[in-house]
There are 2 protein chains.
Amino acid sequence: MSYYSLSSLAQTPFSNVPLHVRGVGGERSQLAELLQLMGSAEDPGWASDMSVLMRRLRSGETLFHQGARAEAVYFVRAGTFKTFRIAEDGYEQVLGFSGRAEVLGFDAICMGQHPTASIALEDSSVYAVSMRDILRPSQRIPALDQVVTLAVSRALTQQGELADVMAAVAAEVRLARFMLQLSSRMEACGQSPRRFRLRMGRRDIASHLGVAHETVSRSFQALARWSLLSVSNREVEILDMNGLKTLAHCTRRHLDDIDPLRSPGQAAGTAQAGRPVPDRAIA
Amino acid sequence: MSYYSLSSLAQTPFSNVPLHVRGVGGERSQLAELLQLMGSAEDPGWASDMSVLMRRLRSGETLFHQGARAEAVYFVRAGTFKTFRIAEDGYEQVLGFSGRAEVLGFDAICMGQHPTASIALEDSSVYAVSMRDILRPSQRIPALDQVVTLAVSRALTQQGELADVMAAVAAEVRLARFMLQLSSRMEACGQSPRRFRLRMGRRDIASHLGVAHETVSRSFQALARWSLLSVSNREVEILDMNGLKTLAHCTRRHLDDIDPLRSPGQAAGTAQAGRPVPDRAIA
DNA sequence: CGATCAGTTGAAGGGTCTCAACGCGAGTGG
DNA sequence: CCACTCGCGTTGAGACCCTTCAACTGATCG
């Protein structure tokens, strides 16, 4: 079965379950778990009938479809999600990738339906808070409000980073910036910022960066050629973090003389033709 | 004095004024005005000591600087703002343009400082709500909460549109999409969606679309050549809304045979060389 | 009226798109 | 077990759109 056509069996997570789930049965309140996930130190107390559901998704399963009715806002508990939009002609625009503690679906509130779709790139899980509870002024929990506000502000900031990778720069620079973004997020999750596994395919990266997927391949090859990183399939290791950052700062199309020369680990020889940036490896 | 160097005299709107401004002195509460601006039907009552300030800005004046401490969230009352970020090398990336009833500065919450800057493109005014009031769980006003939630959701949606104009399409298509976005917003404000005045310069548009400013000029010329719109300086009139939408739907680089042919007002003759899209005017 | 900047137009070069072909791995069913 | 299929990733070659540099015009303003 196709990767993308794996359609969710339960598109509307609140349709088949009782809406109000308290922390009953001796287990911990899912609201409390959500607050902890999002870094809140406060305790919600037990008086709330706030509806928080945990949902697990297999790799390729969709969290919500484009155009689906807005029924909940989601907080990523584990895994990775891809948010995208499909144009009438089938062209898929990837808007971003989201990981632990990030919010999804918030942009659906103002329209009543999701302008984008999100699918899991690996086995994942989310906490879902119903739209009603997000919007209804009564029954609001201060701790949750703060958590939501912060998460949404982060989402807004991240959307700004989308402009960084797509705007007015060479393909290698876009990829360098994207790799640095991923590295930062890995570090924020306690993982190694220098070595990680890409959760998304080349085509997804290409759509996210606004280039052809062949260009992504060639840009990876280029970054590896200047010894900034090494890549094997989806395994990435950043070899020269400073060099990568320097390259990411380039805004011009011609990155001729702006080459990443600090931290010279090897002789900049060979001058293999083809690229304006001096080559620094055997290739 | 330079357009961009016009630095604000009062960068921190809450530094010189008493923090708690009630609706005293017989005039209407600014909180009530803010709620009305944002489309809320509810009345906040008079018990709140929520701090809402109105601030006027001249054209070119800065609402908040990049890196400035996050002190308030702003709601545009009138005018137009440009939100942008400046890289270390001085390259300016325009992230968006905001008009009436839109929220600005919300992305500063999660970091404590503004990742972007905003300046007024014309004489404008905003309502400022202090960060404290946005975050503090007590003293919150249900009506304001709803309004903020909706505005932020809209902002998130708009940020998604940024991807539309910058991603993977020809320059003319980017411009067409941007013009349609502007048209929609003009209509939402009760203005004519077919004829309006651009508030921003070509360079701002170029940075927003991710192309060179010369390319913006040429794209305007192209759109005018296919009779989709007419442009004179910053005055724009959309002549063929459907044709513009059809063009905006193109996602491929080669827009050869996908030309906007419906609504044929004149003979598609002349075949003036140079562009893959059939020309339809005398030029 | 001169200065400055926004906007336009032209020419040349190059980076990226597109089309193609190939190797590879995973999932599938005979 | 293995051929088969399908999609991912890579590599190559040519076309072409966009960038860059440059010069010019027009508008705005002191």
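Every heavy atom of this structure was used, including side-chain atoms; hydrogens, water molecules and symmetry mates were not. We name chains A, B, ... by the order of the sequence lines, and we start the count at 1 in each one. Just so it is clear, the structure is predicted and the values come from calculations on it, not from any experiment.
Leu175(B) has its CG atom 17 Å from the P atom of dC17(D), to the nearest Å. One interatomic measurement links the two molecules: CZ of Arg202(B) to P of dC18(D), which rounds to 17 Å at whole-angstrom precision. The interatomic distance linking Asn233(B) (CG) with dT25(D) (P) rounds to 17 Å, in whole Å. The nearest whole Å value for the distance from the NE2 atom in His213(A) to the P atom in dC19(C) is 12 Å. Atom CG of Leu209(B) is separated from atom C1' of dT19(D) by 15 Å (rounded to the nearest Å). One can place CZ of Arg174(B) at 12 Å from C1' of dT19(D), the figure rounded to the nearest angstrom. Put simply, CD on Glu172(A) is 13 Å from C1' on dG14(C), counting in whole angstrom units. With rounding to whole Å, Ile205(B) atom CD1 is found 18 Å from dC18(D) atom C1'.
At the heavy-atom level, Glu214(B) lies under 4.0 Å from base atoms of the strands shown.
Judged by distance alone, with hydrogens and angles left aside, Arg203(A) brings no side-chain donor or acceptor close enough to the base of dG7(D) to form a pair under 3.5 Å. Between the base of dT20(D) and the side chain of Arg218(B) there is a donor-acceptor pair shorter than 3.5 Å. Within 3.5 Å, no donor on the side chain of Arg234(B) pairs with an acceptor on the base of dG7(C), nor the reverse.
Between Thr215(A) and dG15(C) there is no side-chain N or O to OP1 or OP2 distance below 4.0 Å. Between dT10(D) and Gln221(A), no contact under 4.0 Å exists linking OP1 or OP2 to a side-chain N or O.
Ring-centre distance between Phe64(A) and Tyr74(A): below the 6.0 Å cut-off.
Side-chain N or O atoms of Thr157(B) include one that pairs as donor or acceptor with a backbone N or O of Asp107(A) at under 3.5 Å.
You'll find that the side chain of Ser217(B) is closest to dT9(C), out of dT16(C), dT9(C), dC17(C).
Between Glu92(B) and Arg85(B) there is no salt bridge, since none of the side-chain N atoms of the basic residue sits less than 4.0 Å from a carboxylate O of the acidic one. Salt-bridge formation is not detected for the pair Asp204(A)/Arg199(A): no Lys NZ or Arg NE/NH1/NH2 atom is positioned less than 4.0 Å from an Asp or Glu carboxylate oxygen.
With DNA chain C read from its 5' end, the first of the two nearest nucleotides for Gly201(B) and Ala212(A) is the one closest to Gly201(B).
Residues forming a salt bridge (Lys or Arg N to Asp or Glu O under 4.0 Å) with Glu237(B) (at least two apart in sequence, or on another chain): Arg195(B).
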